[in-house]
Amino acid sequence: MAEAHPVGFQWVMEAKKRGAKVFHVDPRFTRTSALADTYLPIRAGTDIALLGGVVRYILENELDFREYVLAYTNAANIVSEQFVDTEDLDGLFSGYNPDTGSYDHASWQYEGQEDNAKIRGTGKERDSASGLEHESHGEPVPAQAPRDETLQHPRCVYQILKRHFSRYTPEMVARVCGIPEEKFLELARAWTENSGRERTGALVYSVGWTQHSVGVQYIRTGSIIQTLLGNMGRPGGGILALRGHASIQGSTDIPTLFNLLPGYLPMPHHADHPTFDEWVDSIRHPGQKGFWGNSRAFAASLLKAYWGDAATPENDFCYGYMPRMTGDHGTYQQVLNMIDGRVKGYFLLGQNPAVGSAHGRAQRLGMANLDWLVVRDLFMIESATFWKNSPEVATGEIVPEECRTEVFFLPAASHVEKEGTFTQTQRLLQWREKAVDPPGDARSELWFFYHLGRVLREKLAASTERRDRALLDLAWDYPTHGPHAEPSAEAVLKEINGYEVATGRPLNAFGEARDDGSTAIGCWIYSGVYADGVNQAARRRSRHEQDWVAAEWGWAWPANRRTLYNRASADPDGRPWSERKKYVWWDADAGEWTGYDVPDFEKTKPPSYRPPEGASGPAALAGDDPFVMQGDGKAWLYAPSGVLDGPLPTHYEPAESPMRNPLYGQQANPTRKIYEHPINRMNPSPPEPHSQVFPYVFTVSRLTEHHTAGGMSRTVSRLAELQPEMFVEVSPELAGEVGLAHLGWAHLISGRAVIEARVLVTDRLTPLRVDGRIIHQVWLPYHFGTEGLVTGDSANDLFGITLDPNVLIQESKVGTCDIRPGRRPTGPPLLDLVGDYQRRAAMTADRKVPMVTTDAAGGDDAAGSTDEQSPAAHQDGEPHA
Amino acid sequence: MGFKTFIQGWPVYRQLTGTDPLGRGAAAQSARSAELAPRTETADGMARSVCPYCAVGCGQRVFHSDGKVTQIEGDPDSPISRGRLCPKGSASKSLVTSPLRQTKVRYRRPYATEWEDLDLDVALDMIADRILAARAETWEDVDDEGRPLNRTLGISSLGGATLDNEENYLIKKLFTAMGALQIENQARI
Ligand code: SF4
């Protein structure tokens, strides 16, 4: 956090000054570690084993915040008899279908509800990354489940959790993660001692956590801990994701993503959502508790904002115009389709996949096989110049005279040359005023897309094609100003906020949404950002003039609420859990919820409220159901559906690992999304043979002085000067083993690429003793490429493409490689070197990656059984050494 | 110049008689630096802005004169950042005023080895034509069972995490209306 979110880290330091204990878990010692009380080095890709150890510690010692857990979670719910845990299936849950690599969730349901579940395979959910829809709400469950408030029933969630995590002992944590038992216990003690009625603990993660084949389950494990300890919805608690781009939260809320529409409405699926009603009911789940009960109004209002006058209740608000998903249309599938010649045109909008995405070579070869490419950026980036300046030009794989891609580079306006809102990592929208005009041809995206739409519509004005109706009927009238006819960002924000169609009056909250076409709302969760006709995101009341919640700085979704589910900061009767941790409470005299924040609850619903029989939607939530977007109003320790790879997190090894999974026969996530494409060869992992060809673990992250793919930092002289060169950090022990000299050169080889870097020998990295052997990890920054003031090889070139099944995010925080002294070969010999490693590791183009490994030998592979890692890779013939 | 002014112009005198005995502040100030005013005071205007790099969302004050950015500083009013900026945020002025910034449309013809110039309007028009051609060539009306698809898989887009909400809104709206489904951004990466 001190490295990648330095200014946010000041608050950790403030907390430390007031007595908070700071723990830092990272494969590499960083500036955060230097300022933490305790640093725990960890083997990359083993976080579930560590956190699972904490869950076990809590449950074995009964350190959970019992009143909170009983009242606000599903701990007492009783699960179906048909459920079988990973304990009994060697790392698989019941319901696994090896043919589709996915689970049927029926057996995961609560008792008596097996038939209520969407009984089916979940391969389709995986392809549409449906886990992302849960950013703002839970998966459906029937509201009433059998419960045992004593938590003694062997099939209640609490007991299942206890059994599931029973093998995550401190010894096992040490064996899997390489974290010594005492250090682990110090963490577990501090975490539990600093949680409960009087105290709260926070879990902060950087979004490298999501870049794993089990990324969603990492976060689930964190949620289980925070829920058991009563740290959710309370001040000083929570799970805080540190996201990496100025408006990446905003681009998820108002998604430029294939599977979502604004406000986490799902993009329609051709088979599941042929009609408007089926689409809406799939979101609303008739009869369900919670605020998604109103989703018909949100959906109708979105379509009304899109298609204006053309959208009427009679024509289902032009739902028929919506494009439909049929499967996985994610960025990696797209890139493989580009290589296969199926994509004509590609837009890159402030994004540089040639450097920033996994498997850079696949990215660049894909771009070299398009009809046309539009790059909009501030600077000339690698993704615009791949045809003349890229590793593939050096190897002869891309020959400019033979590369057919037509490239348009359009300069973009910077953040000071346009106005608009960013949504930062805490869901806070902040409006930026414009300072100056953009130079030359530079324009905002607002300008580009508005005018592109205008030109398209003009060109189609006479069209009678059915497919053009959606464009021609689009509500696309935005006021413009200035010499370049810049569209008004405030007008767009007003549409996002929503308005009454008849009068144009901006809505004050999403509660005003209607399903009869009388309201239009671009993004329902942002409703209120233009309340009272005022741009609330532009509010800048000084922190000196308001309390610590600072509710008048910018605007947070939903409803300017700064802490979600804050009803949980009060006990079931509505009283603060403690004076110290008081945040939102029930004021019985006034008959309403009050506090420092906007209460995340219906304002006048008393704690004693119990829903009448048959209620649904918000009315079905009891006065002590704080998790109001969940289908049952509860926090889920166990997820009966919605998480595709299991109702509980389980440690699996990364897709590429030098080790056999010490916990189960199942080696890696059995539901991970793999792409068996000739360009995407994954390094073998146990129990497959030849994993010793790639004996080392590598991980990548950011430098303080650079930003992601470097487009906004390697081009800036001051930043380039501070971090001028690509390097690799290695431990002194590994340097000795491989023969690497400090400040000398090394090259790293995976089954995809070879890159070179200057060597930094440092004890920031330490060899870990894991499962009886030594594992060496190396670290690389991933910012470098071939353009800009400072250049270097791209670390992301080393990665293959394997995705988390819930959200289709790639595993790019851990992989295996070999490392050798000296510079890499150049030109065609570089390809020979990769080919040679592929041959030695038997990575043929048609190799099938084994998904289920429970029947495979449980022992270590040949190289893994020795104490010190044998440098086998170097002994077996190196034509290019 | 009177004697008093003369003697006060001598730093050692000020150091001995003033509030700065170590000569590290006012005593050491030259007449020239005494006359200097910070750029922020003489700026034509100041825009309240936000750092464009990571998602902490530090407040920025962007000072400008004659249509040029002259200084970018942390916003001391911000409850998020309390006036601080990290090395990247502090380099924002270098970012927006960098001589490497591209200000002209560049065009690479198929099989060309170099860039060419192109007018912005022409580029916009050419891109619109290519979109329409790609849609015509790859349009899918219905699936095998006659259920609607309304889409093209011939067009892709990547980007958004560095853009404004309003921009993402228009991007998604327009692409959805043209049937382009394959819209992605950094949140998937
Ligand atoms: S100044 Fe640094 S910490 Fe603050 S938003 Fe910018 S990059 Fe992030």
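We name chains A, B, ... by the order of the sequence lines, and we start the count at 1 in each one. No experiment lies behind these values; they were computed from the predicted model shown.
Chain A forms the most heavy-atom pairs under 4.5 Å with one residue out of B/Leu170, B/Leu158, B/Ile171, and that residue is B/Leu158. Of the residues considered (A/Leu349, A/Val436, A/Thr256, A/Thr425), A/Thr256 shows the highest number of contacts with chain B, using heavy-atom pairs under 4.5 Å. Among B/Thr162, B/Leu149, B/Val62, the residue making the largest number of heavy-atom pairs under 4.5 Å with chain A is B/Leu149. Contacts with chain B were tallied for A/Leu722, A/Asp468, A/Asp371, A/Leu242; A/Asp468 has the most, counting heavy-atom pairs under 4.5 Å. Looking only at heavy-atom pairs under 4.5 Å with chain B, the residue among A/Leu348, A/Leu472, A/Leu452, A/Leu410 that has the most is A/Leu452. Between chain B and the residues A/Leu378, A/Val455, A/Leu370, the largest count of heavy-atom pairs under 4.5 Å involves A/Leu378. Counting heavy-atom pairs under 4.5 Å between each of B/Ala134, B/Pro87, B/Ser94 and chain A puts B/Ser94 at the top. Among the candidates B/Met46, B/Glu140, B/His64, the residue making the largest number of heavy-atom pairs closer than 4.5 Å to chain A is B/His64. Ranking B/Thr113, B/Leu153, B/Ile127 against chain A, the residue ahead of the rest is B/Ile127, based on heavy-atom pairs under 4.5 Å. For the set A/Leu446, A/Thr421, A/Val374, A/Ile254, the count of heavy-atom pairs under 4.5 angstrom toward chain B peaks at A/Thr421. Residue with the most contacts toward chain A among B/Ala112, B/Gly45, B/Gly59: B/Ala112 (heavy-atom pairs, distance under 4.5 Å). By number of non-hydrogen pairs under 4.5 angstrom with chain B, the leading residue of A/Ala129, A/Ser713, A/Ala271 is A/Ala271.
In this structure the side chain of A/Val492 never reaches within 4.5 angstrom of the side chain of A/Pro487, judged on heavy atoms. At a threshold of 4.5 Å between non-hydrogen side-chain atoms, the residues B/Arg135 and A/Leu471 count as touching. When side chains are defined from C-beta on, B/Gln182 does not count as touching A/Phe258, because their heavy atoms never get closer than 4.5 Å.
Looking at A/Ala475, the atoms closer than 4.5 Å to chain B (heavy atoms on both sides) sit in the backbone and in the side chain alike. Both the backbone and the side chain of A/Val343 come within contact range of chain B, judged by heavy atoms closer than 4.5 Å. B/Glu114 touches chain A through backbone and side chain together, each having a heavy atom under 4.5 Å away. For a residue to count as touching a neighbouring chain, one of its non-hydrogen atoms must lie under 4.5 Å from one of that chain's; by this rule A/Arg443 touches chain B with the side chain only. Neither the backbone nor the side chain of A/Thr708 comes within less than 4.5 Å of any heavy atom in chain B. Looking at B/Glu137, the atoms closer than 4.5 Å to chain A (heavy atoms on both sides) all sit in the side chain, from C-beta outward. With a 4.5 Å cut-off on non-hydrogen atoms, A/Val716 touches chain B through its side chain but not through its backbone. In this structure, the portion of B/Thr138 lying under 4.5 Å from any heavy atom of chain A is its side chain and not its backbone. With a threshold of 4.5 angstrom between heavy atoms, A/Ile809 approaches chain B through its backbone and through its side chain. The parts of B/Ser78 that come within reach of chain A are both its backbone and its side chain, each placing non-hydrogen atoms under 4.5 angstrom from that chain. Only the backbone of A/Lys434 comes within contact range of chain B, with heavy atoms under 4.5 Å apart. For A/Glu401, the parts sitting under 4.5 Å from any heavy atom of chain B are the backbone and the side chain alike. Of the two parts of B/Asp119, neither the backbone nor the side chain holds a non-hydrogen atom closer than 4.5 Å to a non-hydrogen atom of chain A. For B/Leu85, the part lying near chain A is the backbone, with the side chain staying farther off; criterion is any non-hydrogen pair under 4.5 Å. Proximity to chain A (any heavy atom under 4.5 Å) is shown, for B/Asn185, by both the backbone and the side chain. Contacts of B/Phe175 with chain A are made by side-chain atoms alone, with heavy-atom separations under 4.5 Å and no backbone atom involved. In this structure, the portion of A/Leu428 lying under 4.5 Å from any heavy atom of chain B is its side chain and not its backbone. The contact between A/Tyr526 and chain B is made entirely by side chain atoms (from C-beta outward), counting heavy-atom distances below 4.5 Å. Using a 4.5 Å cut-off between heavy atoms, A/Leu460 touches chain B through its side chain atoms alone. For A/Ala4, the part sitting under 4.5 Å from any heavy atom of chain B is the backbone (N, CA, C, O) and nothing else. When heavy atoms are compared at a cutoff of 4.5 Å, B/Arg188 approaches chain A by way of both its backbone and its side chain. With a 4.5 Å cut-off on non-hydrogen atoms, A/Trp307 touches chain B through its side chain but not through its backbone. Both the backbone and the side chain of A/Leu257 come within contact range of chain B, each with at least one heavy atom under 4.5 Å from a heavy atom of that chain. Looking at B/Asp125, the atoms closer than 4.5 Å to chain A (heavy atoms on both sides) sit in the backbone and in the side chain alike.
Surrounding CZ of B/Arg109 are at most 12 heavy atoms belonging to other residues, nucleotides or ligands under 6.0 Å away.
Closest heavy-atom contact between B/Cys86 and A/Val7: N-CG2, 3.5 Å. Scanning both residues, A/Gln424 and B/Ala55, for their nearest heavy atoms gives CB-O, 3.0 Å.
Residues satisfying the side-chain hydrogen bond (donor to acceptor under 3.5 Å, both in side chains) test with B/Ser157, not counting sequence neighbours, are none. Residues meeting the side-chain hydrogen bond (donor to acceptor under 3.5 Å, both in side chains) test with B/Gln71, sequence neighbours left out: B/Arg39, B/Glu73.
One N or O on the side chain of B/Lys172 and one on the backbone of A/Leu260 form a donor-acceptor pair closer than 3.5 Å. With A/Trp476 contributing its side chain and A/Asp473 its backbone, the two residues share no donor-acceptor pair below 3.5 Å. A side-chain donor-acceptor contact under 3.5 Å links B/Glu184 to the backbone of A/Thr331. Judged by distance alone, the side chain of B/Arg108 and the main-chain N or O of A/Lys388 form no donor-acceptor pair under 3.5 Å.
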Please step through side-chain hydrogen bond (donor to acceptor under 3.5 Å, both in side chains) for the pair A/Ser251 and B/Asn168, ending with a clear verdict. CA-CA 6 Å; A/Ser251 67; B/Asn168 278 299; 4.9 Å; no
With side-chain hydrogen bond (donor to acceptor under 3.5 Å, both in side chains) as the test, would you mind laying out the steps for B/Arg61 and B/Thr40 before giving the verdict? CA-CA 9 Å; B/Arg61 294 183 167 190; B/Thr40 53; over 6 Å; no
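The pair A/Arg324-B/Asp143 does not count as a salt bridge, with every side-chain nitrogen at least 4.0 angstrom from each carboxylate oxygen. A/Glu705 has no carboxylate O lying under 4.0 Å from a charged side-chain N of A/Arg718, or vice versa, which leaves the two without a salt bridge.
Ring centroids of B/Tyr107 and A/Phe409 are separated by 6.0 Å or more, keeping the two rings apart. Note: A/Phe347 and A/Trp372 meet the aromatic proximity criterion, with ring centroids under 6.0 Å apart.
Side-chain contact check for A/Gln351 and B/Gln186: at least one donor-acceptor pair (N or O, by modelled atom type) lies under 3.5 Å. In the model, A/Ser414 has a side-chain atom that pairs as donor or acceptor with a side-chain atom of A/Glu417 under 3.5 Å.
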